[in-house]
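All residue numbers refer to positions in the sequence shown, counting from 1. Order of appearance sets the numbers: ligands from 1, and atoms from 1 within every ligand.
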Amino acid sequence: MTTLNTFSGSAASLSQFDPQALPVSAAQAIVLQWVTPLAGSERVPLREALARVLAVDVISPIDVPAHDNSAMDGYAFDSGALAQAAQDGALTLTIAGKAFAGHPYLGDVARGACVRIMTGAPMPAGCDTVVPQERVTLDQTGESASIRFSARASSPGANRRRRGEDLARGGVALRAGRELRASDIGLLASLGLVEVEVKRRLRVAFFSTGDELRSPGEPLDAGCIYDSNRYTLGAMLRRLNVEAIDLGMVRDEPDALAATLKQAAASADVVLTSGGVSVGEADFTRTQLQTLGDVTFWGLAMRPGRPLAFGRIWSGGHPGAGRPALLFGLPGNPVATMVSFYQIVRPALIAMSGATPQPVPLIPARCEAPIKKRAGRTEFQRGVAERDARGQWRVTPTGSQSSGALSTMSEANCFIVLAHESADLDAGDAVDVMLFDGLV
Ligand code: AMP
Ligand code: MG
């Protein structure tokens, strides 16, 4: 499995590239150089900690498990007895008592004796081995009971879980920067913790621009379209578990845009806009960003998603005034908005949230159809990937690759990632795919 070829961070200097058409890997590296992880943290109850980012290392206050215990339902005994097996290799042990999970056997276990033990019960003193009940023959004569089993059915230390085997007291159970998963929540519970220190949530303000936009629920006037990007962005942000601040739709008017951008910078760590970053006559986002902030680059050598503004804006109206926020001016075309979000914005938001970045895996697949591709830009085509009968991945591009056709994103289950330098592909050629599952 490979990961998306990333540009070496230290070498990522903008001056090497055309800021109107930056290679994707360079843009990713430059964006990450601008990111500072959040400083603030808060304590949250364990049940609310899923997908939050650990602010500090969690040190285990106890051994887990807290005592040696049985991994099976069976009989616990001292493995020294194995050496005393009879000529036929069999061993007979009398049953001295019972141990249940939560109810230890506290008596002595004499030589030649064993303890009936259930899974999870503490190992009785002097016992280090458990023979599973399926491997023994039980003899009940009057009051006394014994077991008989082959010495080959067991070995010293078998079926015993050691104290501290899962986590040792004083050891690091989970590291700062960990995005908490279901298993982590359980692991923290196994340490007896009720709360955990996590990073505060990243605040991300977003709005869409365009005189043509109408909100779902409104009548659609002539020449207008419904604003889908704000819904896509809101949903993608929700998946990232950030605090999303929806600032609505803004008309293509420089003053209205400036006011909303300033408001966004005042209230959020990151600002996302959709539309208006191209070079059309109503593309005022672009001109306003030049006044309110310092833009680092304007476009990517990427398809879909060529226009993309990245930099900072200031709540005070010009660089250095008031509060800065990181700014991503995303293209208006709905698929371009999504691709830019996943490839450029998402890694930045994850790093800013304080999480340790996890590269998204790429899976090699055979492409089932020819693909037209121009060298000199990275393309993210929509595809449907599946495993064939031999277990090999194959991928079929969805028909239209138009950057406006949101239906193809819904139809697809992966991006076909076509590297910057690659050119046209024939059917049967090898490509890399990035599965949506886990990413979106
Ligand atoms: P722009 O980047 O503003 O030039 O927009 C490019 C294309 O995307 C145009 O066809 C717009 O109508 C469309 N578009 C812009 N914003 C949105 C939005 N919020 N929802 C759906 N389509 C949009
Ligand atoms: Mg527009």
Side chain to side chain contact (heavy atoms under 4.5 Å, CB included) for Ile117 and Lys98? Distances and angles first, verdict last.
CA-CA 6 Å; Ile117 195 164; Lys98 289 186 182 180; over 6 Å; no
For Asp269, run the salt bridge (Lys or Arg N to Asp or Glu O under 4.0 Å) check against Arg323, Lys199, Arg201, Arg312 and tell me which one passes.
Arg323
Under the rule for salt bridge (charged side-chain N to carboxylate O under 4.0 Å, His left out), what residues qualify as partners of Glu368, not counting sequence neighbours?
Arg366
Just so I know, are the side chains of Leu349 and Val270 near enough to count as touching, which here means a heavy-atom distance under 4.5 Å?
yes
Applying side chain to side chain donor-acceptor pair (under 3.5 Å), run through Thr337 and Asn229 and close with a yes or a no.
CA-CA 7 Å; Thr337 306; Asn229 288 348; 3.2 Å; yes
Per-ligand residue contacts, ligand 1, heavy-atom threshold under 4.0 Å:
Ser208, Thr209, Glu212, Leu213, Ile225, Tyr226, Asp227, Ser228, Asn229, Ser274, Gly275, Gly276, Asp283, Gly332, Asn333, Pro334
Determine, step by step, whether Asp424 and Lys372 satisfy the salt bridge (Lys or Arg N to Asp or Glu O under 4.0 Å) criterion, reporting the C-alpha distance in whole Å, the side-chain angles of both residues, the deciding distance to 0.1 Å, and the verdict.
CA-CA 5 Å; Asp424 289 350; Lys372 282 252 168 273; 3.5 Å; yes
